[in-house]
Amino acid sequence: MKILSIETSCDETALAVVLCTGGLTNPSFKVEKNLVSSQINIHRPFGGVVPNLAKREHLKSLPLIFEKILKFYPDLKNIDTVSVTVGPGLEPALWTGINFAKFIGNIYKKPVLGGNHLEGHLYSSLLSHKEKVKLPAVALIVSGGHTMILKMDKLSTWKKIGETKDDAVGEAFDKVARLLGLPYPGGPEVEKLAKHGNENAVSFPRPMLTHKNYDFSFSGLKTAVLYYLRDNPMPTGRQAKTKKADVAASFQKAAVDVLVKKTLRAADEFGAKTIILGGGVAANKYLKNHLSKEAKRAGVKFIVPKGEFNTDNAAMIATSSYINHLKKKKYRLIAQANLNM
Ligand code: KG4
Ligand code: ZN
């Protein structure tokens, strides 16, 4: 099944063409086109995503990116199905993609499938990982809106065993970035700055690390950074940069420490043969390196999406739509802002 997929849940307008083959135990994906138009520069002055601006930009970008797709697939030749993110995400932004998908489905007489953004993140490593995934697996999904651990006995079924009780880890990175005066989106900026800092400079708390469950809490960690900055005034000049880098590195270490330790504990408890990482924060090399090292130490295979498939993209939506199609599960083609796993 060749899928033209569309993603507009937040601030990236994305279209992709993915050839999906295989069954539920061994699905295989070949990305033929993966186009993303980022709205970062539009939202940056506001320090975060403005839903109505996102909607306006999606409306502008969708036809432009679709035109590019048509150059390669005139009349959507060879495309079997259109698929689109129905949630979770910003409602006005989701509707732009859904309406566009229905429109081209109508014009070109193609069926339209819904896709779940979180499942997309869960399966995005399969876009570049070609071997069969060894099961059972434990998955860590880390994005701007979600942080969760899943236990998977099959690739197509999972059980959520823990999630954040307040802020998502990506949100914590973004908020700490703002406290440090770094531009939106803050995650990559914190990572960049942290490279120049001493990760042991400040001992930030590891929220819920010792709790026996697999839940997280990142709001307290962000507040600890806020109080630290309030109580330790920034020096001036070059020293300020060093101090900020120390805070960034110490915060990143605390956040990653909790994510890695809880994931490894889940892998151990459930006898996981694979740890799967997904979501925008999976772009963070410090997290990837630590999780990879610890997985290796525990004798567990570690898989993570290739660069461009970490942050929001449309290719990952095709994985969700295809697997649901095989499962005979259908998402309604309406915006489902709070859709979960
Ligand atoms: O998955 P994603 O692109 O969008 C959502 O579904 O939320 O994730 C975006 C989040 C943002 O919070 C962003 O700051 C974070 O992922 N992020 C990072 C990095 N790259 C993106 N966080 C830490 N380090 C990074 N390198
Ligand atoms: Zn996402």
Side-chain angles (χ1 to χ4, degrees), residues 5-14 16 34 36-40 43-44 47-49 51 54 85-90 93-94 97 115-125 127 139-148 163-164 167-180 182-195 197 199 218-219 221-222 248-249 251-260 277-291 304-317 319-320 336-341:
S5 49
I6 301 171
E7 152 66 34
T8 62
S9 69
C10 194
D11 58 346
E12 320 279 3
T13 318
N34 189 46
V36 183
S37 165
S38 175
Q39 304 176 1
I40 282 176
H43 299 286
R44 184 167 281 142
V49 182
T85 308
V86 296
L90 303 168
L94 287 164
N116 178 327
H117 186 90
L118 290 171
E119 289 174 2
H121 279 311
L122 169 64
Y123 293 131
S124 54
S125 52
L127 293 167
L140 173 67
I141 313 283
V142 278
S143 72
H146 297 83
T147 304
M148 58 178 77
E163 65 188 326
T164 182
D167 291 355
V169 65
E171 195 179 350
F173 267 90
D174 293 338
K175 286 177 175 169
V176 166
R178 214 171 302 155
L179 294 173
L180 292 172
L182 301 169
Y184 161 86
E189 299 290 333
V190 169
E191 180 178 17
K192 227 188 291 168
L193 184 60
K195 283 195 191 116
E199 62 181 30
F218 289 103
S219 153
L221 174 55
K222 166 210 69 192
F251 156 76
Q252 180 174 255
K253 186 183 184 196
V256 166
D257 207 21
V258 183
L259 292 170
V260 170
L277 180 63
V281 183
N284 184 290
K285 288 201 180 70
Y286 185 86
L287 167 62
K288 266 194 284 206
N289 291 344
H290 278 258
L291 198 48
V304 62
K306 216 176 80 183
E308 60 187 320
F309 302 130
N310 283 301
T311 44
D312 291 350
N313 64 85
M316 71 182 199
I317 303 307
T319 64
S320 163
Q336 300 172 49
N338 298 317
L339 185 67
N340 212 316
M341 292 290 280

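Position 1 is the first residue of the sequence, and the numbers go up from there. Whatever order the structure lists ligands and atoms in, that order sets their numbers, starting from 1.
Close contacts between ligand 1 and G170 involve ligand atoms 12 (O) [criterion: under 4.0 Å to a heavy atom]. Counting the atoms of ligand 1 from 1 in the order shown, those under 4.0 Å from a heavy atom of H121 are 1 (O), 6 (O). Close contacts between ligand 1 and E191 involve ligand atoms 24 (N), 25 (C), 26 (N) [criterion: under 4.0 Å to a heavy atom]. In summary, the atoms of ligand 1 found under 4.0 Å from a heavy atom of G145, numbered by their order in the structure, are 7 (O).
The distance from atom CG of N289 to atom CG of N284, rounded to the nearest 0.5 Å, is 9.0 Å. Between the CG atom in D167 and the CG atom in L221 there is a gap of 9.5 Å [rounded to 0.5 Å]. Considering CG of N34 and OG of S5, their distance stands at 8.0 Å, rounded to 0.5 Å.
Geometrically, ligand 1 and G144 share a nitrogen or oxygen pair separated by less than 3.5 Å. On a distance-only criterion, N310 and ligand 1 share no N/O pair closer than 3.5 Å.
Regarding atom 6 (O) of ligand 1, its nearest protein heavy-atom neighbour is H117 NE2, 3.1 Å. For atom 15 (C) of ligand 1, the closest non-hydrogen atom on the protein side is V281 CG2, 3.9 Å. With respect to atom 17 (N) of ligand 1, the closest heavy atom belonging to the protein is G280 O, 3.7 Å. Scanning the protein for heavy atoms near atom 2 (P) of ligand 1, the closest one is D312 OD1, 3.2 Å. Looking at atom 22 (N) of ligand 1, its nearest protein heavy atom turns out to be G187 CA, 3.3 Å. Closest to atom 24 (N) of ligand 1 among all protein heavy atoms lies N284 ND2, 3.0 Å. Of the protein's heavy atoms, D174 OD1, 2.6 Å lies nearest to atom 14 (O) of ligand 1.
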Practice problem: Step by step, work out the side-chain contact (heavy atoms from CB on, under 4.5 Å) result for T319 and F309. | Solution: CA-CA 12 Å; T319 64; F309 302 130; over 6 Å; no
Practice item. Could you walk me through whether K285 and E191 pass the side-chain contact (heavy atoms from CB on, under 4.5 Å) test, one step at a time? Key: CA-CA 8 Å; K285 288 201 180 70; E191 180 178 17; 3.3 Å; yes
Intermediate values then yes/no, side-chain contact (heavy atoms from CB on, under 4.5 Å), E119 and M316: CA-CA 8 Å; E119 289 174 2; M316 71 182 199; over 6 Å; no
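N340 and H146 are not linked by any side-chain donor-acceptor pair at a separation below 3.5 angstrom, with hydrogens and angles left out of the test. Q39 and S37 are not linked by any side-chain donor-acceptor pair at a separation below 3.5 angstrom, with hydrogens and angles left out of the test.
When distances to the Zn ion (ligand 2) are checked against a cut-off of 2.8 Å, H146 contributes no N, O or S atom below that limit. Residue contacts to the Zn ion (ligand 2): H117 brings an N, O or S atom closer than 2.8 Å.
The distance between the ring centers of F173 and F251 falls below 6.0 angstrom.
The shortest separation from a heavy atom of Q252 to ligand 1 is not under 4.0 Å, leaving the residue out of contact. Using a 4.0 Å heavy-atom cutoff, C10 is absent from the residues neighbouring ligand 1.
When each of H121, E163, M148 is tested with M341 by the rule side chain to side chain contact (heavy atoms under 4.5 Å, CB included), just one qualifies, namely M148.
Nearest N, O or S atom of D312 to the Zn ion (ligand 2): atom OD1.
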